[in-house]
Protein chains: 4
Amino acid sequence: MLQDTFERVLPGTRKSTKRHILQCALECFLETGLESTTIDTIRQRSDTSVGTIYHHFGNKEGLVAALFFTALDDHKAVMWPELERASTPKTVIEGLVHSYIHWVTGQPELARFMFLARASVATGPFGEELAARNREQYSFLHKWLAEGVKVGDIRSLPKETYPSLLFGQAENYCRAWLSGRVPTPPSDHASVFAESAWRSLAQTK
Amino acid sequence: MLQDTFERVLPGTRKSTKRHILQCALECFLETGLESTTIDTIRQRSDTSVGTIYHHFGNKEGLVAALFFTALDDHKAVMWPELERASTPKTVIEGLVHSYIHWVTGQPELARFMFLARASVATGPFGEELAARNREQYSFLHKWLAEGVKVGDIRSLPKETYPSLLFGQAENYCRAWLSGRVPTPPSDHASVFAESAWRSLAQTK
Amino acid sequence: MLQDTFERVLPGTRKSTKRHILQCALECFLETGLESTTIDTIRQRSDTSVGTIYHHFGNKEGLVAALFFTALDDHKAVMWPELERASTPKTVIEGLVHSYIHWVTGQPELARFMFLARASVATGPFGEELAARNREQYSFLHKWLAEGVKVGDIRSLPKETYPSLLFGQAENYCRAWLSGRVPTPPSDHASVFAESAWRSLAQTK
Amino acid sequence: MLQDTFERVLPGTRKSTKRHILQCALECFLETGLESTTIDTIRQRSDTSVGTIYHHFGNKEGLVAALFFTALDDHKAVMWPELERASTPKTVIEGLVHSYIHWVTGQPELARFMFLARASVATGPFGEELAARNREQYSFLHKWLAEGVKVGDIRSLPKETYPSLLFGQAENYCRAWLSGRVPTPPSDHASVFAESAWRSLAQTK
DNA sequence: GATGAATGAGCATTCATTCAT
DNA sequence: CATGAATGAATGCTCATTCAT
């Protein structure tokens, strides 16, 4: 299953070598952590050479970033459509939480890697790119919410609290599941988190 | 202000040297990260010698753990009393969120350090100690919630989702604030998160 | 101007690719040094491929040697004729110094490269070829000087000191100019060095 | 003999380890060249550890610089006194050349190393320090020469040509000797170079 | 001729840790 | 208690060179 992650995620990437290294690196990072994984570990697992790794990714940071943005793209592709589904506010809000949980449950490796690598990527040379993508992603959400506030469906709250109210609970549980602190997959509780998000955001008349 | 953190937190520690090293190490870890901070960096900042550092903390992991459990103790001392305050369920739930946010806002360095070091401590030789403390801490909470469920104040939900529902939103925002992604301190939005937590957990009759 | 160096120096080289690589390699070596210049740097600047570079020059050492001997040929072509000009000893000696300075001033890139690469070439597999060329070049000079000594025009001195007495001062200044330690081009002081060389070598009756 | 170089040159250096590493590094650099000598080569020869080498010198560049400035100090200590010897201009000029040759002949290892490392040091982070020392050193010489010009003993020439006229010939021969191109030590020809320098600089009435 | 992916030995440097003083 | 010289395994990365296409 893990073997196929990048065939699905990066179907355009013909170069099997590059994709293969990404796959192996992901496994190494998840097993051993970002800093503890050495280039040589990845080389052994992927059965290539350090030269090849550097040829394709420049350096370790570049490899991490390539992996991270691949995950981000995949995450985004699952999340976006939800906002555009014409439906009631409740359905959209709950749909967003469901989508988030669906992605994490479907791609636990990529999800864990994103939690693992976010701080590192944000600090490194690709930090600005990451920040830009985040801004772009949330601007859509904020536009949708602003509309909901105007119509009287959504509570009027400080803008910066919305993402936390919407995803905070689900994310917290996903972290716990991904790190093994709780055994039950978030998908089993998706409705709980979806409903709580709606309770948190809904304007009660 | 930062200078006094450990005088308040570790009033018993007479040895100014040890406390001084802890303070300097905290600053280094926050500025440079756990792995990137070297013993020599801490030595320079604290103007001692590597020998002294090893004398007091055994090794780098021990230094991190000392710092982490100091923070955990402080955090716990602020959080616990809340559960014991006799009051309405709503007040207790909201009080817990307020306490959490109060601590993070009052000890941002320690809070950031806890987010920074948790994974490392959990994996290392002090992992079991950390897990035990967590179990102990949450068992009180779960007992209190079970009571609320029985009485009909609290929604009956999977036990493992409660912590996420209670703290997830506040924690998510605190992370964002501590990492600089949002500028407004969580204390400014404490009521929002407190109320949302209550909405998420309250049994609506 | 630099663009044309090899069109003048290597007019026979039809293959513009080869000449282009030589030109780019020269620029790289001068800017970054012999060892610090990598094949990949040259590849980037010349917009070719490593394969092409290796196809034409065998290896890095071969590229350096090709450049060096090109410079040596050019240098020789300017210097030789001077010895054959029928004239007074003074004119010949001064002419040699003038020629040397004229070449360095006219081909500062090649001259700098010769100073840069001589040690490397002398140690490498082309060392013997270089030594042979040097012997050949100086044998003419020594023959001419021996004649001058016999006739009583030139001081009788240890044979091995003549090259140093003749070119040492000019060379020292040229090095200083090429490395930027002095701003005035050697051509401005050519007569000073020419006259001093003659003073050093002339038999005072 | 080589063993004692640094006991004479750095008598104040008590730390035998540091001095020992300097000595071994000098030998390695002379045998193998600056770039081709690896830290590990020096470690093997000095029978210490890489950690110790880095502890004392920071990095390879620092080791080269330490060696270079040690040589420069020694060179300076031999050259300076000559200018202060009250004597005829001819004696001073010839004395300077003799001193130069005497130092090179007496410290061939240090002399070779200076030729080897100068370019590297000049380009690196210690370049400005080197330039400053050179300026200081030559300012004395230029003052002395200016006096000689005023009195009518020394030819009036462009200031920047004097060092080349004075030392160029000797230096050129020393380079040839140190690199093995000529077998006879410069000391055997010291008078030739001293006299030629005087001929080059003397004002002929 | 031209290309560039692949190779892997080799290198400078880092850093936690030890221990004699 | 304090010091800091010494250690050496480990690591990220470089780069000349090869070779299949």
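Letters A, B, ... mirror the listed sequences (proteins, then strands); counts begin at 1. As the structure is a computational prediction, the values presented were derived from the model and not from experiment.
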Is there side-chain contact between B:I39 and B:N59, with at least one heavy-atom pair below 4.5 Å? no
Point-to-point distance, once rounded to the nearest 0.5 Å, from [atom1] of [X] to [atom2] of [Y]:
X: D:E31; Y: D:S36; atom1: CD; atom2: OG; value: 12.5 Å
X: B:H55; Y: B:S49; atom1: NE2; atom2: OG; value: 10.5 Å
X: D:L72; Y: D:L67; atom1: CG; atom2: CG; value: 12.0 Å
X: B:T70; Y: B:L110; atom1: OG1; atom2: CG; value: 8.0 Å
X: D:L116; Y: D:L178; atom1: CG; atom2: CG; value: 10.5 Å
X: C:F69; Y: C:F126; atom1: CZ; atom2: CZ; value: 7.0 Å

With respect to the phosphate group of [N], does any side-chain polar atom (N or O) of [X] fall under 4.0 Å of OP1 or OP2?
X: D:H56; N: F:dA6; result: yes
X: B:T52; N: F:dC1; result: no
X: A:S49; N: E:dG8; result: no
X: B:T17; N: F:dA2; result: yes

Integer angstrom distance from the P of E:dG1 to that of F:dT21: 22 Å
Looking at every strand, decide which applies to C:H55 at a 4.0 Å heavy-atom threshold: base, sugar-phosphate, or nothing. sugar-phosphate
Please answer whether the main-chain N or O of B:S179 pairs with a side-chain N or O of B:R112 as donor and acceptor at a distance below 3.5 Å. no
Report the distance from atom [atom1] of [X] to atom [atom2] of [N], rounded to the nearest whole Å.
X: A:I53; N: F:dC15; atom1: CD1; atom2: P; result: 18 Å
X: D:R43; N: F:dA9; atom1: CZ; atom2: C1'; result: 12 Å
X: C:L63; N: F:dC15; atom1: CG; atom2: P; result: 16 Å
X: D:F57; N: F:dA5; atom1: CZ; atom2: P; result: 12 Å
X: D:D47; N: F:dA6; atom1: CG; atom2: P; result: 13 Å

Salt bridge between C:D40 and C:R45, side-chain N to carboxylate O under 4.0 Å? no
Kindly give the atom pairs (protein nitrogen or oxygen, nucleotide nitrogen or oxygen) under 3.5 Å for nucleotides 11-15 of chain E.
| residue | atom | partner | partner atom | Å |
| --- | --- | --- | --- | --- |
| E:dA12 | OP1 | D:K60 | NZ | 3.0 |
| E:dA12 | OP2 | D:I39 | N | 3.0 |
| E:dT13 | OP2 | D:Y54 | OH | 3.0 |
| E:dT13 | OP2 | D:K60 | N | 3.1 |

Each stem that DNA chain E is part of, given as range with range (3 or more consecutive Watson-Crick or G-U pairs, under 3.5 Å): E:2-21 with F:2-21
Ranking D:T48 and B:T48 by the position along DNA chain F of their nearest nucleotide, the one closer to 5' is B:T48
